[in-house]
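A short write-up of the structure that comes next.
Owing to the predicted nature of the structure, the values given are computational and were not obtained by experimental measurement. Any value given below was found using the heavy atoms of this structure, including those in side chains, with hydrogens, waters and symmetry copies removed. Letters go in sequence order (proteins before strands), and every chain restarts at 1.
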2 protein chains.
Amino acid sequence: MPGQNGRAFARRQYPCENCPLRPLPVFREFEKKELAFISNFKKGELAVDKGATVLVEGSHSAHLYTVLSGWAFRYKLLPDGRRQILNYLMPGDLIGLQGSVMGEMQHSVEALSPMLLCVFERDNLHELYRNHPGLGYDITWIASREERMLDENLLSVGRRSAIERAAYLIAFIASRAKVVGLNGKQSIQIPITQQHVADTLGLSLVHTNKTIRKLIDRKLIVWRDGGCEVVDNEALKLLAGWEGLGEGRRPLI
Amino acid sequence: MPGQNGRAFARRQYPCENCPLRPLPVFREFEKKELAFISNFKKGELAVDKGATVLVEGSHSAHLYTVLSGWAFRYKLLPDGRRQILNYLMPGDLIGLQGSVMGEMQHSVEALSPMLLCVFERDNLHELYRNHPGLGYDITWIASREERMLDENLLSVGRRSAIERAAYLIAFIASRAKVVGLNGKQSIQIPITQQHVADTLGLSLVHTNKTIRKLIDRKLIVWRDGGCEVVDNEALKLLAGWEGLGEGRRPLI
DNA sequence: CGCGGTTTTGAGAATCCTCAAAACCAGTGG
DNA sequence: CCACTGGTTTTGAGGATTCTCAAAACCGCG
């Protein structure tokens, strides 16, 4: 039953008890009771087309989502249309927490690929905090993690040179993708255009293109099939002066 | 009893029940029980000198703070010393939540003025979530608010021109300061140097100086006594294309 | 084959940077 | 009271980075 805007709201397919993501080593173990609550908290799944808008700035969404599969990005616009991409979303990431907790959404979210989202009711959040303090703590943890990623991005956009920024961004995305099992045979295909990169780094499209070319010439990445493939992640990290992700486990709501 | 690093750890002076901040209209009402818990959660006060480092990247702090009075800023450094200021902290803001919740601090905090901080024990956070779900929710709310501010800053640094960035930054700080009652007679003195502005906007000191001069020439701000004073906040907002803060109430931990 | 989206190239211009030095200013000690 | 000091702001100048404008090349898809 396809809905408007390229979505389909389906009866759940994956019960949380055999979630395909949860067994990954990045995610912490959940207690039976917690899992049962989450499973009940989940209202269904939402299929989103590539290019569709998942959430839009200024709206009051009644839902909260977790990415089951696919890629998306968060962004903000200036009144005259200039766009800043704030972060990328991939499996295991929560979408719309800000809106759920504070009311109005202050940013938009757009799908970079077909996606499958778990849907939660915003109104049940209070029950979660009331009956499962550990999960409440986890949500704060998730918000803090998002904040930490933003800190890093801001450092990058504010203080790194163009080529360092590009190297950081790609290494960062690739590292995150890897821990959620997005490396196909071995290398990772990031489904973004150079326009996305430009809008993330705060650079123009033309300059971004010339910067990416340098990375390609140095054989750190390749650009094909309308996306970016990482060849040498360690070299990217070195170039960016980036330590890499902390490798602790995290909660999955 | 002055401690090392220009600090003094004092027995509490303000019991939370007559906190000087809480009556401000920006902060939401708390229930008696909540207030009692917070009061017990609070372990004392910390006086910090101007220029002192409150928290340092890489450390595992056992404490969490709320600013009672004074100004500070959060920042990160690149390996070669380039600095990016992430945000400013003023009365009512929480310091060190990321570190408390995720373990290691990923940024540092430095005082811009003498400060008074309320000190909380990180270990008691779990009890807070367990016994006061509403407060747990509030902490998530606070983390989300911090994230929203970072989104705005990232948009600014990534996509605004130098003069727009400067206008946005000053309008933003002044607006925040105003709602926590930091406007003395009428105008607000922001205790920052142009080096701080430069490191916030991602610009060089020289260019920042020339940009600030334009704002001064346009009579939007004045710069005196080693700080910035806002003359025409509305004009700053207009120049930056910024809507202003949402004016809802918020929790105070 | 034609079309829309994406990547690439070139060229001149604006923005922003670095280096260097001077001016200014508050606090300190003689 | 003045000289000295360190921090901050200001100015100038040349250079690097990044931007805009414009057009071409490329590429998957109908």
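- The CG atom of B:Leu205 sits 13 Å away from the C1' atom of C:dC19 (whole-angstrom rounding).
- A:Thr193 comes within contact range of the sugar-phosphate backbone alone, with a heavy-atom separation under 4.0 Å but no base atom that close.
- Among the heavy atoms of the strands, none lies under 4.0 Å from A:Ile212.
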Just do the salt bridge (Lys or Arg N to Asp or Glu O under 4.0 Å) check on B:Glu104 and A:Arg148 with the steps written out, would you?
-> CA-CA 11 Å; B:Glu104 195 182 39; A:Arg148 210 191 56 179; over 6 Å; no
Give the intermediate values and the outcome of side chain to side chain donor-acceptor pair (under 3.5 Å) for residues A:His207 and A:Ser204.
-> CA-CA 5 Å; A:His207 195 64; A:Ser204 72; 5.7 Å; no
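- Between the NE2 atom of A:His207 and the C1' atom of C:dA14 there is a distance of 14 Å, rounded to whole Å.
- Rounding to whole angstrom units, CD1 of residue B:Ile192 and P of D:dG7 are separated by 19 Å.
- Following rounding to the nearest Å, B:Glu164 (CD) and D:dC19 (P) show an atom-to-atom distance of 14 Å.
- A straight line from NZ of B:Lys214 to P of C:dT15 spans 7 Å, rounded to a whole angstrom.
- Position along DNA chain C of the nearest nucleotide to B:Gly202 versus A:Trp223 favours A:Trp223 as the more 5'-ward residue.
- Taking atom CZ of residue B:Arg224 and atom P of nucleotide C:dC24, one finds them 19 Å apart after rounding to whole Å.
- Nearest-nucleotide mapping onto DNA chain D: of B:Gln194 and B:Lys210, the residue sitting toward the 5' end is B:Gln194.
- Aromatic ring pairs are classed by plane angle as parallel below 30°, tilted from 30° to 60° and perpendicular above 60°; the pair A:His63 and A:Tyr65 is tilted.
- The separation between A:Gln195 atom CD and D:dC19 atom C1' is 14 Å, rounded to whole Å.
- Below 30°, between 30° and 60°, or above 60°: for B:Phe73 and B:Tyr88 the angle between ring planes is between 30° and 60°, a tilted geometry.
- Residue A:Arg213 places at least one side-chain N or O under 4.0 Å from the OP1 or OP2 atom of C:dT8.
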Please walk me through it: do A:Asp151 and B:Gln106 pass side chain to side chain donor-acceptor pair (under 3.5 Å)?
-> CA-CA 9 Å; A:Asp151 285 350; B:Gln106 297 284 336; over 6 Å; no
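- With distances taken from any side-chain atom of B:Val206 to the nucleotides C:dT18, D:dT9, D:dA22, the minimum falls on C:dT18.
- The distance between atom CG of A:Asp199 and atom P of D:dC19, rounded to the nearest whole Å, is 11 Å.
- Phosphate contact (OP1/OP2 of C:dT8, side-chain N/O of A:Asn209, threshold under 4.0 Å): present.
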